[in-house]
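Below: the structure, in structure tokens.
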2 protein chains.
Amino acid sequence: MPSSPLAKGSNRIQRPVPLREGVYEALLELIIMRELQPGQHLVESELAMQLGVSRQPVREALQRLSTEGWVDLRPGYGAFVHTPTEKEADQLLAVRALLETESAGLAAVNRTEEGLARLRELWDAGVAAVEAGDVDAVVLANADFHMHVVQLSDNAVLAELAAQVDRRVRWYYAPVARLRGRRSWEEHAKLIEAIAEGDADAARRVMRDHTENTRRTYHEQVDGAGVEAAGV
Amino acid sequence: MPSSPLAKGSNRIQRPVPLREGVYEALLELIIMRELQPGQHLVESELAMQLGVSRQPVREALQRLSTEGWVDLRPGYGAFVHTPTEKEADQLLAVRALLETESAGLAAVNRTEEGLARLRELWDAGVAAVEAGDVDAVVLANADFHMHVVQLSDNAVLAELAAQVDRRVRWYYAPVARLRGRRSWEEHAKLIEAIAEGDADAARRVMRDHTENTRRTYHEQVDGAGVEAAGV
DNA sequence: GGATTGTTTGTTGTCTACAGTGTACCGGTG
DNA sequence: CACCGGTACACTGTAGACAACAAACAATCC
């Protein structure tokens, strides 16, 4: 039995993923991409019909989306896409700065060679996307890069909260991230350097500036003041 | 119509709260109080029978408890009370320190007279509970006090994340909080002072020390090293 | 025409039933 | 005794039904 080719868990037949999870992913994507508009009423039976499932997995997915803040459940009235406010955006960006600054410092302390190598790969991919002018890839590469820094912190709770915040922030700054992507990758390079040197203070300083730049850029964009995005 | 005695929203008849919310509260309480043990299998039909409802509201409550980290859903196997680990506890306490330190600084900036008055009331209640030797009341007063500081920060996202973390932390330090409650209320008094003076740096310093004391005390308790709790 | 009331339609919240899967137990065989 | 296969039972995931409530619409009254 110990040498059985089927003994390893990795060869287990995967059980089908519950429908509720597919529904969750589908709805989340529609919300993030704004195909489901803020404030829009999400009618369970319609969603169920469109997605080809019964109402139950839809309800369960909505429950989870509600807990994560994407959807507001109003008992008796139904589910509505959460309407973000500017104040909320500012608060999210402030909290993001706090969490990612702390993560950067911890990443500098807890880094691994593999982690650094991966970070550099992600950086290369991001720069390539910028040079190719592939805006969607830039946005994605940016999110991947940040999440990897957070993971290098080796604090799972911090990573989890940062992921929550980051997803909600995407609502706000995806358009910003498209502008002047190159500059933000220069800041990313400085961050890699600080982490590689194990310089927690430098890592924190670079990340704090970087995330504050995002916050400032968001406000400039909302105020319609300019297109001089400083970075993400 | 403007002067109708029924015009004010506060006279509205309250719609019944959905069962799922009552189930959620009941289960959460059982988990926090450890009447439902870590790792325990939560069988939907049993819970439904015990709570006198059908399985649906139980499923919906479990969905929410899972998203919040209290319960692990394993598709096809069911729901299990989340098993906290020491590493997780440490990470939670570290993140709690980060969030609450930032909150304290913002509270010093954004404080209001009402907020301060309320904080002092909560402090009085906490000290009275300590002197009455009412341990459960002490634990509760402590959580109330911390949550109120976080609310004074005027950053709803921060408050929400801090609330999430605080609830999970309760699993770990409720026993600790019982010990030497008086000392932690002395630290709370210093915090009130710093906030009242609008001294954000002092507020941050006091809160950082306070929450780090908790973290240290937790480790000492787990190591069985002593009963010299430094505070919560 | 505007306000009020009654009716209809749509939706939510919950209950019940069914199908599929996992686990435990039992009997038979080597 | 150990192992295997079959069966029964427990549980999960989902679908469908029903009752209650919210909103929209139509009819009636002033």
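Everything numeric in this text was worked out from a predicted model, so none of it was measured. Worth knowing before you read on, the calculation uses all heavy atoms, side chains too, and leaves out hydrogens, waters and symmetry mates. Each chain gets a letter, A, B and so on, in the order the sequences are listed, and its residues count up from 1.
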For [X], which residues count as a salt bridge (charged side-chain N to carboxylate O under 4.0 Å, His left out) partner, sequence neighbours excluded?
{"X": "B:Arg118", "result": "B:Glu121"}
{"X": "A:Arg59", "result": "A:Glu44, B:Glu60"}
{"X": "B:Glu46", "result": "none"}

Query raised in the report: How does protein reach along nucleotides 9-14 of chain C, written 5' to 3' as B (base within reach of a heavy atom under 4.0 Å), S (only sugar-phosphate), or - (no contact)?
Result: --SBBB

Report task. Send over the distance from A:Gln63 CD to D:dG13 P, rounded to a whole Å. Result -> 15 Å

Report summary line: Residue pairs passing the ring pair (Phe, Tyr, Trp, His ring centres under 6.0 Å) test with at least one member in residues 55-75 of chain B, sequence neighbours excluded, are B:Trp70-B:Trp171

Query raised in the report: Who pairs with B:Gln151 by side chain to side chain donor-acceptor pair (under 3.5 Å), at least two apart in sequence or on another chain?
Result: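 So B:Gln151 forms no side chain to side chain donor-acceptor pair (under 3.5 Å) with any residue.
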
